[in-house]
Amino acid sequence: MSVLVYTENWDGKFKKLSFELVSYAKQIADRSGTTVTALSIGAVDEAELKKLGNYGADKVLSATDERLNVLINKAYASVIAEAAENEGAQVIIFANNFTGKALSPRVSVKLKAGIASGVNAVPSSYDPFTVSKKVFTGKAFANVVIKSDKKILTLFQNSVEIAETGGDAAVEVFSPALNDADFATKVLDVNKITGKVLLSDADVVVSGGRGMKNADNWAPLEELAAELGAALACSRPVSDEGWRPHEEHVGQTGKIIAPNLYFAMGISGAIQHLGGVSSSKCIVAVNTDKDAPIFESADYGIVGDVQKVLPELITAIREMKAS
Amino acid sequence: MKILVCISNVPDTTTKIRFTDNNTAFDATGVQWIINPWDELALTRALELKEASGEAIEKITVINVGPQTTEPTIRKALAIGADDAVRIDAVPEDAYAVASNLSSYLKDNPYDIILCGIDSSDYNGSLVGGMLAEFLDLPSVSSVSKLDIDGGDIKLNREIDGGSEVLSTVVPFVAIVQKGIAFEPRIPSMRGIMMARKKPLNVVPSGGEAALTEFVSYDLPPAKSACKMVDAENVKELVDLLHNEAKAI
């Protein structure tokens with residue numbers, strides 16, 4: 001028996017998200033009296049794999065066949081299911097990101113394991129196995145009972161504390177059976193975003209709405225983001241107008257995020273937008289309309305014109321950093 | 001070539017979410033029901049592909065797993081332009097049961113391209129498309145923001161954390177689509193609404209496996225404390241608060 005956690009890598013490196021997943025797996029394993037096995041797929045060096053031990057992985061399986069250097073859903077799901085069976089995993093954990101959403105449902109069917117996706121806490125009960133997840137785009141939480149013997153959880157990012165255990169993980173090579181028929185999908189080209197903080201990694205997010213007036217007004221938002229090491233985001237009208245790429249759209253039909261600090265600049269706060277950002281730990285809103293719904297969800301607010309407030313905000317942050 | 005679009009019947013995205021029966025059930029009182037937004041985009045892209053294909057794409061079918069109350073939403077999909085519809089007569093208890101029901105129908109009624117939205121705006125599972133692909137042993141490409149058919153070649157763009165990729169795959173396959181797949185959803189025309197009444201909506205009995213999970217109760221997020229307002233003439237105070245009080249910067 002064990003808890004298996006799939007730890008994705010980005011160009012051979014793990015991220016904060018990976019360590020959060022292992023920390024989460026460790027809490028469940030401790031409570032169940034079992035161990036944590038992390039599974040890594042793709043080329044990751046031993047020193048990097050060893051890092052997972054520091055967050056509670058007892059063992060790290062490393063599958064490095066070069067056909068697995070790109071994500072092919074069908075092939076990866078077979079690899080993960082095989083590892084889960086070898087390890088006798090009762091609980092399998094994924095991130096609730098694009099990769100986790102791609103793979104976890106396939107593994108669920110392979111293992112007949114019930115899934116709770118987008119969970120935001122450790123299970124509240126282990127018998128019956130009950131865990132809380134976000135529903136209605138963050139407008140509510142559901143308590144889900146998983147009835148099958150094997151269980152899959154996909155963890156919503158920034159849900160649990162990362163805890164260093166100082167542990168050491170044994171790294172083992174894992175050579176899964178690969179089936180040619182699983183590789184019918186091919187990756188032809190990869191376009192990586194470089195030189196920008198990714199929305200999925202960001203502790204601080206600077207977001208612009210219709211109140212920014214037009215695409216040419218984004219420079220001060222970019223400057224604020226650079227000052228804070230923040231990622232850029234936008235509301236739906238902004239991406240629909242083509243002022244910003246749709247990858248930056250946060251809200252019900254875009255990305256759901258939970259940073260430590262979210263700046264809503266010229267965003268009125270339609271219910272669909274709030275769903276995507278309401279789990280942010282601190283929300284700052286600047287809007288000309290004092291009755292804008294965003295102020296009901298914000299922690300700090302300024303009624304004013306974003307174009308006027310932004311340069312002053314940047315100056316004040318620089319002064320604060322300099323002092 | 002035939003395209004299937006899986007649609008979910010969900011509360012309008014502006015719905016105020018409430019629960020009933022001691023927080024064990026969603027309160028559907030007064031709720032307007034719509035096609036799940038991503039499924040609507042999938043349908044829109046399917047129609048664009050069909051129109052551009054000449055005769056190559058002969059049919060677009062929409063399918064839903066749900067009780068009879070979902071039929072107005074299915075009719076809307078027909079009004080937007082789907083050629084026919086299937087409703088599998090079952091209460092959608094969880095993603096596993098829904099995908100199992102879909103797969104049991106599709107094993108006897110195959111399609112070349114199966115489109116699912118990446119998420120449903122009610123229970124936010126992001127699961128049915130991937131599960132369906134696995135039940136049918138088909139390739140799946142997820143977080144798809146672009147889908148093109150050039151002759152027999154299928155080309156897709158998918159978003160990954162930190163970029164995007166261009167992929168090819170082979171029919172039959174499942175594409176799990178998100179924003180970008182179509183610019184904006186189509187709205188039914190008056191003619192479309194009239195025609196939708198005459199289009200076939202086939203009801204088939206449930207034939208899937210039982211659910212593996214159960215949603216037992218719901219909680220609303222704790223009420224937010226009042227927003228602390230800062231004067232627009234004193235932006236420095238905001239930075240002080242974020243630094244010293246919120247400890248966020």
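Here is how names work: the chains are called A, B, and so on, in the same order as the sequence lines, proteins then strands, and each is numbered from 1.
- Of the two parts of L238(B), only the side chain, counted from C-beta on, holds a non-hydrogen atom closer than 4.5 Å to a non-hydrogen atom of chain A.
- No donor-acceptor pair under 3.5 Å is formed between the side chain of T15(B) and the backbone N or O of I17(B).
- Looking at K112(A), both its backbone and its side chain come within 4.5 Å of chain B, counting heavy atoms on both sides.
- More than 12 heavy atoms of other residues, nucleotides or ligands shown are found within 6.0 angstrom of NZ on K224(B).
- Closest approach of G229(A) to V197(A), counting heavy atoms only: O-CG2, 3.7 Å.
- The 12-atom threshold is exceeded at NZ of K321(A), counting heavy atoms of other residues, nucleotides or ligands nearer than 6.0 Å.
- Considering only heavy-atom pairs separated by less than 4.5 Å from chain B, the leading option among R106(A), K308(A), K281(A), Q272(A) is R106(A).
- Of all the listed residues (V284(A), L198(A), I271(A), T253(A)), the one sharing the greatest number of non-hydrogen pairs under 4.5 Å with chain B is T253(A).
- N124(B) places a side-chain N or O within 3.5 Å of a backbone atom of T137(A) that can act as its donor or acceptor partner.
- Residue S126(B) comes nearest to P105(A) through the heavy atom pair O-CG, 4.2 Å, listed as atom of the first residue, atom of the second, then distance.
- Put simply, of A142(A), A113(A), S104(A), G304(A), the one with the most heavy-atom pairs under 4.5 Å next to chain B is A142(A).
- With chain B as partner, the option from V204(A), D240(A), T99(A) having the largest number of non-hydrogen pairs under 4.5 angstrom is D240(A).
- Options E312(A), Q252(A), H249(A), K192(A) differ in how many heavy-atom pairs under 4.5 Å they form with chain B, and the most are formed by Q252(A).
- Heavy atoms of K147(A) lying under 4.5 Å from chain B belong to its backbone as well as its side chain.
- The minimum heavy-atom distance linking V216(B) with V145(A) is given by the pair CG1-CG2, 3.7 Å.
- Taking both residues in full, the closest heavy atoms of G301(A) and C227(B) are given as N-SG, 3.4 Å, listed atom of the first, atom of the second, then distance.
- Using a 4.5 Å cut-off between heavy atoms, I146(A) touches chain B through backbone and side chain atoms alike.
- Of the two parts of V166(B), the backbone and the side chain both hold a non-hydrogen atom closer than 4.5 Å to a non-hydrogen atom of chain A.
- Residue E209(B) touches chain A through its side chain alone, counting heavy-atom pairs closer than 4.5 Å.
- Looking at S297(A), only its backbone comes within 4.5 Å of chain B, counting heavy atoms on both sides.
- Both the backbone and the side chain of K101(A) come within contact range of chain B, each with at least one heavy atom under 4.5 Å from a heavy atom of that chain.
- For the 3.5 Å distance criterion, the side chains of N9(B) and T70(B) fail to qualify, holding no donor opposite an acceptor.
- Within residues 28-43 of chain B, the residues that have a heavy atom under 4.5 Å from a heavy atom of chain A are P37(B), W38(B), listed by number.
- Interface remark: K255(A) contributes side-chain atoms only to the contact with chain B (heavy atom separation under 4.5 Å).
- Between F26(B) and F215(B), the distance from one ring center to the other does not fall under 6.0 angstrom.
- Side-chain atoms of K134(A) never come within 3.5 Å of backbone atoms of N120(A) as a donor-acceptor pair (strictly under, hydrogens ignored).
- Contacts of E296(A) with chain B are made by backbone atoms alone, with heavy-atom separations under 4.5 Å and no side-chain atom involved.
- For chain B, the nearby part of K133(A) is the side chain; its heavy atoms alone come within less than 4.5 Å.
- In this structure, chain B has no heavy atom under 4.5 Å from any part of L199(A).
- With R244(A) as the partner, the side chain to side chain donor-acceptor pair (under 3.5 Å) test is satisfied by one option alone out of E248(A), E241(A), H246(A): E248(A).
- The greatest number of non-hydrogen atom pairs below 4.5 Å with chain B, out of F183(A), Y300(A), F129(A), is found for Y300(A).
- Using modelled atom types, one side-chain atom of N97(A) and one backbone atom of G100(A) make a donor-acceptor pair closer than 3.5 Å.
- Scanning both residues, R158(B) and V187(A), for their nearest heavy atoms gives NH2-CG2, 3.9 Å.
- For a residue to count as touching a neighbouring chain, one of its non-hydrogen atoms must lie under 4.5 Å from one of that chain's; by this rule L228(A) touches chain B with the side chain only.
- In summary, the aromatic rings of F135(B) and Y96(B) are positioned with their centroids under 6.0 Å apart.
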